[in-house]
Amino acid sequence: MAIRPECPDDAAAITRVTELAFRDHPHSEHTEQHIIEQLRRGDALSMSLVAEAAGQVVGHIAFSSVEFSDGSAGWYALGPVSVAPARQGQGIGRALIDAGLAGLRGRGAAGCVVVGEPALYGRFGFRSRPDVTMDGVPQRYVQLLAFGAGRPAGRVTHHPAFGARP
């Protein structure tokens with residue numbers, strides 16, 4: 001398996017992997033593939049990586065910039081991240097997250113925000129903080145990973161693509 005940047009020919013495979021990965025997810029509104037498409041169309045995919053095995057896209061991760069109400073800069077959102085159902089549990093998601101976070105660090109990013117399960121993302125160092133909120137999201141699912149000493153506070157706002165609908 002190899003992790004590499006998305007190329008234009010990957011778009012349809014990324015859509016399919018994302019649809020399948022979230023099809024039965026209990027907390028999904030099944031819009032993840034539309035979020036990625038709108039981020040791509042809006043030139044807002046700061047980083048888009050695929051996991052490829054035997055010439056097939058088996059996983060994908062997207063990163064896009066976020067804004068904090070306190071003006072903190074250099075922060076990115078992780079997500080969506082998806083792995084083909086037949087390939088889940090094989091470390092592909094972890095490899096995508098590790099590669100993406102390393103890429104953000106290499107770019108000098110201040111940190112990363114994720115909305116997700118604390119037990120899962122806590123393994124990567126993400127933590128919820130009471131002074132960081134996101135409209136409509138329970139506090140414990142809004143998690144941050146700072147790459148330096150920066151401590152943003154206030155409300156986090158994602159790119160408008162995160163409100164995407166089919």
Side-chain angles (χ1 to χ4, degrees), residues 1-8 10-11 13-15 17-18 21-22 31-53 57-83 88 90-129 131-135 137 139-164:
M1 182 194 65
I3 306 283
R4 62 169 175 78
E6 167 187 331
C7 67
D10 294 327
I14 289 168
T15 296
V17 164
T18 305
F22 285 95
T31 59
E32 290 79 8
Q33 68 275 14
H34 304 295
I35 292 168
I36 296 164
E37 289 168 10
Q38 287 193 22
L39 287 170
R40 190 181 292 117
R41 268 191 244 126
D43 198 27
L45 271 173
S46 303
M47 186 185 324
S48 180
L49 303 174
V50 297
E52 185 178 60
V57 172
V58 296
H60 175 259
I61 192 167
F63 292 88
S64 56
S65 62
V66 294
E67 294 181 8
F68 277 89
S69 59
D70 74 353
S72 294
W75 285 79
Y76 294 85
L78 181 165
V81 58
S82 54
V83 176
Q88 291 177 4
Q90 299 176 11
I92 295 169
R94 175 176 266 297
L96 284 164
I97 293 169
D98 285 341
L101 294 175
L104 290 177
R105 284 184 178 99
R107 294 178 180 191
C112 191
V113 177
V114 68
V115 174
E117 292 294 330
L120 171 64
Y121 291 102
R123 293 184 285 181
F124 297 93
F126 285 90
R127 300 287 180 263
S128 179
R129 294 209 347 248
D131 58 344
V132 175
T133 62
M134 189 175 297
D135 291 345
V137 179
Q139 180 65 45
R140 69 187 219 100
Y141 296 111
V142 180
Q143 301 164 72
L144 289 84
L145 175 61
F147 298 147
R151 289 286 188 209
R155 186 171 43 93
V156 180
T157 304
H158 283 80
H159 185 277
F162 281 83

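Positions are given from 1, in the same order as the sequence printed here.
Val58 places none of its side-chain heavy atoms less than 4.5 Å from the side chain of Gln90. The shortest side-chain heavy-atom distance between His158 and Val115 falls under the 4.5 Å cut-off. Counting only heavy atoms from C-beta outward, the side chains of Ile97 and Ile61 approach each other to under 4.5 Å. Using a 4.5 Å cut-off on side-chain heavy atoms (C-beta onward), Gln38 and His159 make no contact. In this structure, Leu39 and Phe162 have side chains that are in contact, with non-hydrogen atoms separated by less than 4.5 Å. Residues Glu37 and Thr18 have side chains not in contact (no heavy-atom distance under 4.5 Å, counting atoms from C-beta outward).
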Practice task
Give the intermediate values and the outcome of side chain to side chain contact (heavy atoms under 4.5 Å, CB included) for residues Phe68 and Val132.
Solution key: CA-CA 9 Å; Phe68 277 89; Val132 175; 3.8 Å; yes
Exercise for the section: Begin from the C-alpha positions of Asp10 and Arg4 and carry the test side chain to side chain contact (heavy atoms under 4.5 Å, CB included) through to its verdict. Expected result: CA-CA 11 Å; Asp10 294 327; Arg4 62 169 175 78; 2.7 Å; yes
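The environment of Arg129 atom CZ is dense: over 12 non-hydrogen atoms of other residues, nucleotides or ligands sit within 6.0 angstrom. Atom CG of Asp131 is surrounded by more than 12 heavy atoms from other residues, nucleotides or ligands within 6.0 Å.
Contact record, Val50 with Pro5: CG2-O, 4.4 Å, taken as the closest heavy-atom pair. Nearest heavy-atom pair across His60 and Ser48 is NE2-OG, 2.7 Å. Across every non-hydrogen atom of Ala146 and Trp75, the tightest pair is CA-CH2, 3.7 Å. Minimum heavy-atom separation, Val57 to Val17: O-CG2, 3.3 Å. Of all the heavy atoms in Ala99 and Ile3, the pair that sits closest is CB-CG2, 3.8 Å. Heavy atoms only, all atoms of each residue included: Phe126 and Cys112 are closest at CE2-O, 3.4 Å.
Note that CZ of Arg155 is 9.5 Å distant from CD of Glu67, once rounded to the nearest 0.5 Å. In this structure, CD in Gln143 is found 10.0 Å from CE in Met134, a value given to the nearest 0.5 Å. Note: Ile14 CD1 to Glu6 CD = 3.5 Å, rounded to the nearest 0.5 Å. To the nearest 0.5 Å, atom CZ of residue Phe124 and atom CG of residue Leu78 are 8.5 Å apart. The distance from the OG atom of Ser82 to the CD1 atom of Ile36 is 5.5 Å, given to the nearest 0.5 Å. Distance check: Leu101 CG to Tyr76 OH gives 13.0 Å after rounding to the nearest 0.5 Å.
Looking at Arg127, its side chain never comes within 3.5 Å of a backbone N or O of Leu144 through a donor-acceptor pair. Remark: the backbone N or O of Ser46 is paired with a side-chain donor or acceptor of Arg107 at under 3.5 angstrom. A donor-acceptor pair under 3.5 Å is formed between the side chain of Ser128 and the backbone N or O of Gln139.
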